Amino acid sequence: METTSTTKLARMRTINEALALIKQQDPETAVTYNFIRKLLDGDRVRHFRSGSRYILNFDDLLNELNMN
């Protein structure tokens, strides 16, 4: 008997990718690269570093911005 697991993967994005997705939904957004970076530095959004890049949990970012 096979069982299927429906594990939802986190949507991980770089800051630039996340910003592009936000601007796609709201072209007039006031959210900037530096604003997102401050959220990460304040540990308000789950993230990790890969070299010099920040990789963040996009869903956490949306929750923090109250966009969901």
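Counting from 1, the numbers follow the sequence of the chain as shown. A quick note: this is a predicted structure, and the numbers were derived from the prediction, not measured. Hydrogens, waters and symmetry mates play no part in the numbers below; they use all other heavy atoms, side chains included.
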Which pair of heavy atoms, one from F35 and one from V31, lies closest together, and at what distance?
-> CD2-CG1, 4.0 Å
Step by step, would you call R11 with L62 a side-chain contact (heavy atoms from CB on, under 4.5 Å)?
-> CA-CA 11 Å; R11 295 191 295 169; L62 292 181; 3.6 Å; yes
Quick one: pull up CE in M12 and CG in D59 and give me the separation to the nearest 0.5 Å.
-> 10.0 Å
Straight-line distance of I15 CD1 to L39 CG, nearest 0.5 Å | 9.5 Å
Starting at CZ of R44, measure out to CG of L65 and round the result to the nearest 0.5 Å.
-> 9.0 Å
Determine whether I22 and Y54 fall in the same hydrophobic cluster, where Ile, Leu, Val, Met, Phe, Trp and Tyr are linked whenever their side-chain heavy atoms lie under 4.5 Å apart.
-> yes
Between the OG1 atom in T14 and the CZ atom in F58, the distance rounded to the nearest 0.5 Å is 11.0 Å
Report yes or no: do V45 and Y33 belong to one cluster of Ile/Leu/Val/Met/Phe/Trp/Tyr joined by side chain heavy-atom distances under 4.5 Å?
-> yes
Atom OG1 in T29, atom CD in Q24: separation rounded to 0.5 Å?
-> 13.0 Å
ILVMFWY cluster, L21 and L40 together (side-chain gap under 4.5 Å) | yes
Say you draw a straight line from CZ of R37 to CG of L56; how long is it, rounded to the nearest 0.5 Å?
-> 12.0 Å
Same apolar cluster: L19 and L61, side chain cutoff 4.5 Å = yes
Using modelled atom types only, decide if a donor and an acceptor are shared between the side chain of S50 and the backbone of R53 within a distance under 3.5 Å.
-> no
